[in-house]
Participant: 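The structure under discussion is supplied below as structure tokens; questions concerning it will follow.
Throughout, protein chains are lettered first and strands after them, A, B, ... in sequence-line order, and every chain is numbered starting at 1.
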Amino acid sequence: MDEDIFELETNIPEFIKNELDSEQLEAVVNSRGRSLIIAGPGSGKTRVITYKIAYLMYNGINPKNILLVTFTRAAAKEMIERVKNVTNSDIEEMTAGTFHHVCNAILRRYAGKLGYKNNFTILDSEDAKDVLKIARNEYKENIGDRAQKLPKENVIMKIISYSKNTLKSLRESILEVSSNLIEYENDIEYIWQKYAEIKKDINAMDYDDILVNTAVLFRMNKEILQFISSKYRYVLVDEFQDTNKIQLEIVEALSSVHGNLIAVGDDSQSIYSFRGARFENVKEFMENSTLFKIQTNYRSTPEIVNLVNEMIPLNSVHKTLKSVRNSIDKPIIIETFDDLEQSEAVVKIIKEKLDEGLEPNEIAVLYRSHFLSMTLQQKLDSKKIPYRLLSGKRFIETAHIKDILSFLKIVQNPYDKISWTRALKLFPKIGSKTAVRVYENIFDSLNDNKNLEIGLETSLLKKNKNVLNFFVELFKNNTASDIIEYVFKNHYKEYSKLTFKDSRSRNMDIERFIEIADKYETLEKFLEEMTLSENIKVSSSRKEKEEKEVTLTTIHGSKGLEWKVVILISVNPGDFPNGMAIREKRIDEEERLFYVAITRAKNELYILKQVTGTVNPYMRNSFVFMKKENDFIKRIPNQYIKKLKTGYKRYF
DNA sequence: CTCTATGAAGTTTTT
DNA sequence: CTTCATAGAG
């Protein structure tokens with residue numbers, strides 16, 4: 001461990017001392033070696049990390065020897081900006097990003113050691129599912145009657161992903177994810193193997209592989225690990241409660257040379273277990289690390305903090321939050337009749353607040369699942385209240401953008417079967433069979449060390465001169481924006497007109513996409529940003545200018561954010577807590593979600609419920625679980641809240 | 001083989 | 001509102 005830099009402990013610079021309270025200062029100055037900082041909601045966690053980095057720099061640590069792993073790319077960027085402001089210096093060289101960004105950067109260099117090429121494609125969840133489907137179908141052809149009952153791709157994917165992220169055996173994973181499928185253990189194992197083979201063939205990794213392969217690389221090549229790890233004198237991990245086993249292994253490896261691993265998080269806010277995250281990482285890490293607790297809450301009023309303390313999830317590390325703010329009002333519970341009346345109540349609250357002079361961007365509506373906001377969205381539209389959606393379909397998940405991306409991906413990685421078939425099928429008379437055969441031609445010629453053009457020409461495309469020329473010319477473009485422009489002008493604009501009813505707005509999206517792409521120097525950087533962190537949502541992408549808007553988001557999407565007024569809707573057993581979670585007895589995660597939701601509020605918190613549960617428009621049967629223990633609102637002691645009824649005016 | 005029409009079924013959260 | 005499977009026409 002590095003001991004060389006802390007002679008200055010008693011001489012902490014003013015610019016740090018003046019900005020932090022005693023708990024924060026303790027964590028900033030004394031965290032070293034293996035340290036765990038448990039920072040409650042609103043406790044200035046970002047501030048602590050910012051000043052930790054500033055303090056390290058003050059003590060002569062070069063920022064390029066610091067690694068900061070955050071949950072989102074945006075968080076990393078924000079942190080860098082803040083450090084720049086505080087230290088008045090350029091820290092461009094610090095490595096900061098999500099696990100996926102950090103691992104991706106490493107793999108782009110060492111993919112060869114794992115049997116991949118460095119220009120590998122990153123498969124998003126949908127593409128990965130397509131690859132698994134290929135594997136499953138190949139297998140299906142060989143097993144006769146059994147094929148009828150073979151589990152669906154997404155179930156198999158869930159099991160595989162679980163196994164990879166938890167480092168558990170396939171058998172154990174099946175038993176934990178979907179125990180009734182244990183009789184298919186051998187089938188799933190075979191399909192998994194096939195899936196892995198195809199990914200290598202087409203030079204592609206899924207999201208889990210990015211992490212798993214990095215861990216494997218470190219396990220196999222101690223020299224490479226030594227080389228990378230010796231660079232990072234300090235490794236800082238934010239949102240530690242949402243890390244999984246593999247991620248813990250990776251940061252432990254990365255900090256193995258200097259031994260400085262500082263984890264920051266709040267186990268009560270662990271809400272990503274479906275992705276393999278384990279809040280237990282916090283408890284286990286606590287056993288052999290120095291612990292710092294930060295329990296002062298600067299964000300919320302005492303009334304809100306009282307409620308929060310009452311609702312601390314079970315199994316959390318003990319904590320009691322202290323508010324330092326002045327009183328305003330108790331949280332308000334509003335019981336409405338149904339979805340529609342709830343939306344009316346929300347609109348009424350928002351209007352009231354806007355009349356009081358609050359800016360729209362100080363107000364947020366939170367919910368458990370996207371569909372719970374549908375009725376509200378219509379109401380807000382009709383009342384002309386501007387809002388932005390943080391949840392919902394991402395820009396790059398829309399069909400037209402995925403189409404365009406497939407052309408970019410084949411230029412980057414000509415082995416990418418998924419993108420080739422997607423791109424080819426956009427031309428008339430080319431369906432899935434032809435597309436696969438063309439791909440196989442290309443694949444063979446690439447493997448025979450011939451160039452791509454020969455592969456194209458020897459393929460079936462020679463019958464279709466236009467399409468052939470289109471692809472030959474495509475590969476002469478280099479930058480992302482050139483490629484998009486080429487595809488759009490020479491094919492997609494026309495295709496879009498013939499295919500989509502809303503081609504106008506889709507084409508506008510693509511034009512915007514060209515502008516975004518123009519900001520990236522290389523195709524690789526652009527694709528990396530798109531697949532790993534591009535976070536533009538469909539609705540906001542079509543807005544002309546940035547205006548102040550009310551935020552609508554899932555609780556997951558609200559992580560790390562705060563608003564003066566927070567309105568949490570549809571807290572009905574079955575909606576929130578989620579019905580599936582209740583059935584599968586995963587209520588503790590729902591408790592943590594509730595905790596995250598109510599701790600987003602600075603001044604005012606409204607919690608809405610309905611007498612009748614929300615009807616999921618996509619679901620035949622919606623269940624309402626009225627059992628008392630599943631109703632979060634019934635758990636709240638009366639003294640902490642004010643209760644209102646809207647009077648069911650529409651119905652009585 | 002492609003393309004379209006039809007009906008059925010599946011639904012949480014996302015780097 | 002999707003995606004998936006199937007049938008039938010070209």
Side-chain angles (χ1 to χ4, degrees), chain A residues 69-76 97-104 122-126 128-130 133 136-137 148 152-155 157-158 161 165 205-211 239 242-244 246-247 270-277 366-374 390-394 396-399 424-438 460 463 498-499 528-535 537 553-559 570 574-584 586 589-590 592-594 596-597 614-623:
Chain A
V69 187
T70 54
F71 192 76
T72 63
R73 180 70 142 189
T98 66
F99 273 94
H100 284 85
H101 280 95
V102 171
C103 293
N104 176 58
I122 300 168
L123 300 166
D124 63 28
S125 325
E126 251 177 79
K129 220 173 83 186
D130 285 349
K133 204 190 292 174
R136 184 174 170 274
N137 285 343
Q148 295 298 317
K152 288 262 153 56
E153 314 69 68
N154 40 352
V155 180
M157 185 63 99
K158 205 170 159 188
S161 175
N165 282 311
M205 297 186 197
D206 64 26
Y207 283 136
D208 299 329
D209 294 336
I210 303 281
L211 303 177
E239 307 285 10
D242 285 319
T243 53
N244 59 36
I246 282 279
Q247 289 167 323
S270 175
I271 54 174
Y272 283 90
S273 70
F274 66 92
R275 224 166 64 191
L366 309 188
Y367 37 85
R368 176 65 175 87
S369 323
H370 303 304
F371 79 86
L372 295 169
S373 70
M374 296 304 180
L390 293 188
S391 66
K393 203 159 205 174
R394 297 194 320 174
I396 62 153
E397 284 166 351
T398 53
L424 285 163
K425 280 199 283 188
L426 296 172
F427 293 87
K429 304 267 156 99
I430 300 181
S432 29
K433 298 277 177 190
T434 312
V436 167
R437 271 161 57 193
V438 171
L460 300 165
K463 276 187 274 178
L498 296 170
T499 315
E528 177 195 317
E529 206 60 17
M530 289 302 122
T531 38
L532 294 181
S533 53
E534 174 59 25
N535 214 12
K537 290 298 185 310
T553 177
T554 59
I555 300 167
H556 284 88
S558 75
K559 184 191 180 95
S570 293
D575 289 338
F576 182 32
N578 175 275
M580 279 295 254
I582 296 174
R583 252 173 290 175
E584 292 170 10
R586 288 183 283 108
E589 179 114 333
E590 303 295 306
R592 294 193 289 272
L593 270 163
F594 188 80
V596 169
T614 312
V615 177
N616 186 336
Y618 315 135
M619 204 147 72
R620 230 172 283 277
N621 303 304
S622 94
F623 298 95

Participant: Nearest-Å distance, CD (A/E397) to P (B/dT15)?
Facilitator: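 Answer to the nearest Å: 9 Å.
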Participant: Summarise protein proximity over nucleotides 1-7 of chain B in one line of letters, 5' to 3': B for base, S for sugar-phosphate only, - for none, counting protein heavy atoms closer than 4.0 Å.
Facilitator: SSS----
Participant: How many angstroms lie between CG in A/N244 and OG in A/S273, if you round to the nearest 0.5 Å?
Facilitator: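 The distance works out to 11.0 Å.
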Participant: Check whether any side-chain nitrogen or oxygen of A/K152 sits under 4.0 Å from OP1 or OP2 of B/dA9, and answer yes or no.
Facilitator: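 False: A/K152 side-chain N/O out of range (4.0 Å or more) of B/dA9 OP1/OP2.
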Participant: To the nearest Å, how far apart are A/I555 CD1 and B/dT14 P?
Facilitator: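 Distance check: A/I555 CD1 to B/dT14 P gives 11 Å.
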Participant: Once rounded to the nearest 0.5 Å, what's the spacing between atom CD1 of A/I555 and atom NZ of A/K559?
Facilitator: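 So the CD1 of A/I555 and the NZ of A/K559 are separated by 12.5 Å.
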Participant: Does A/T72 place a side-chain N or O at less than 4.0 Å from the phosphate oxygens OP1/OP2 of B/dT15?
Facilitator: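 No.
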Participant: What's the CG-P distance between A/N154 and C/dT2, to the nearest Å?
Facilitator: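 The distance from CG of A/N154 to P of C/dT2 comes to 18 Å, rounded to the nearest Å.
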Participant: Can you check whether A/H370's main-chain N or O pairs, donor with acceptor, with A/S373's side chain at less than 3.5 Å?
Facilitator: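 Flag set: sc A/S373 to bb A/H370 pair under 3.5 Å.
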Participant: Is there aromatic stacking of A/Y272 against B/dT14, centre distance under 5.5 Å, plane angle under 30°?
Facilitator: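 Stacking is absent between B/dT14 and A/Y272, given that the ring centres and planes do not meet under 5.5 Å and under 30°.
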Participant: Which listed nucleotide (B/dT13, B/dT12, B/dT15) is nearest to the side chain of A/T98?
Facilitator: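 Selected nucleotide (nearest to the side chain): B/dT15.
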Participant: When you measure from the side chain of A/H556 to the backbone N and O of A/I271, does any donor-acceptor pair fall under 3.5 Å?
Facilitator: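 Between the backbone of A/I271 and the side chain of A/H556 there is a qualifying donor-acceptor contact (under 3.5 Å).
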Participant: Any side-chain N or O of A/H370 below 4.0 angstrom from OP1/OP2 of B/dT13?
Facilitator: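 Affirmative; the distance criterion is met.
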Participant: Counting side-chain heavy atoms from C-beta on, which of B/dT13, B/dT12, B/dT15 comes nearest to A/H100?
Facilitator: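 So the nucleotide nearest the side chain must be B/dT15.
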Participant: A/F371 has an atom CZ; how far is it from atom C1' of B/dT13, in whole Å?
Facilitator: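 Checked: the CZ to C1' distance equals 12 Å.
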Participant: Does A/S369 use its side chain to pair, donor to acceptor, with the backbone of A/L372 at less than 3.5 Å?
Facilitator: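 A pair under 3.5 Å: no.
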Participant: Using whole Å, report how far CG of A/L123 lies from P of B/dT15.
Facilitator: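 Between P of B/dT15 and CG of A/L123: 17 Å.
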Participant: What about A/R586: does its side chain form a donor-acceptor pair under 3.5 Å with the base of B/dT12?
Facilitator: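 Donor-acceptor pair under 3.5 Å: yes.
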Participant: Base, sugar-phosphate, or nothing for A/K133, non-hydrogen atoms under 4.0 angstrom?
Facilitator: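 Sugar-phosphate, backbone atoms only, no base.
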Participant: When you look at A/T553 and A/L366, which way does the side chain to side chain contact (heavy atoms under 4.5 Å, CB included) test go after all the steps?
Facilitator: CA-CA 5 Å; A/T553 177; A/L366 309 188; 3.4 Å; yes
Participant: Please state how far atom OH in A/Y207 lies from atom C1' in B/dT13, giving the value in whole angstrom units.
Facilitator: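 Rounding to the nearest Å, OH of A/Y207 and C1' of B/dT13 are 15 Å apart.
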Participant: Could you tell me the separation between the CD atom of A/E590 and the P atom of B/dT12, rounded to a whole number of Å?
Facilitator: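 These atoms are roughly 12 Å apart.
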Participant: From CD1 of A/I396 over to P of B/dT15, roughly how many Å is that when rounded to an integer?
Facilitator: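 It is 9 Å, rounded to the nearest whole Å.
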Participant: Could you tell me whether the side chain of A/N165 and the main chain of A/I246 form a donor-acceptor pair under 3.5 Å?
Facilitator: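 No; judged by distance alone, with no hydrogens or angles, the pair does not exist.
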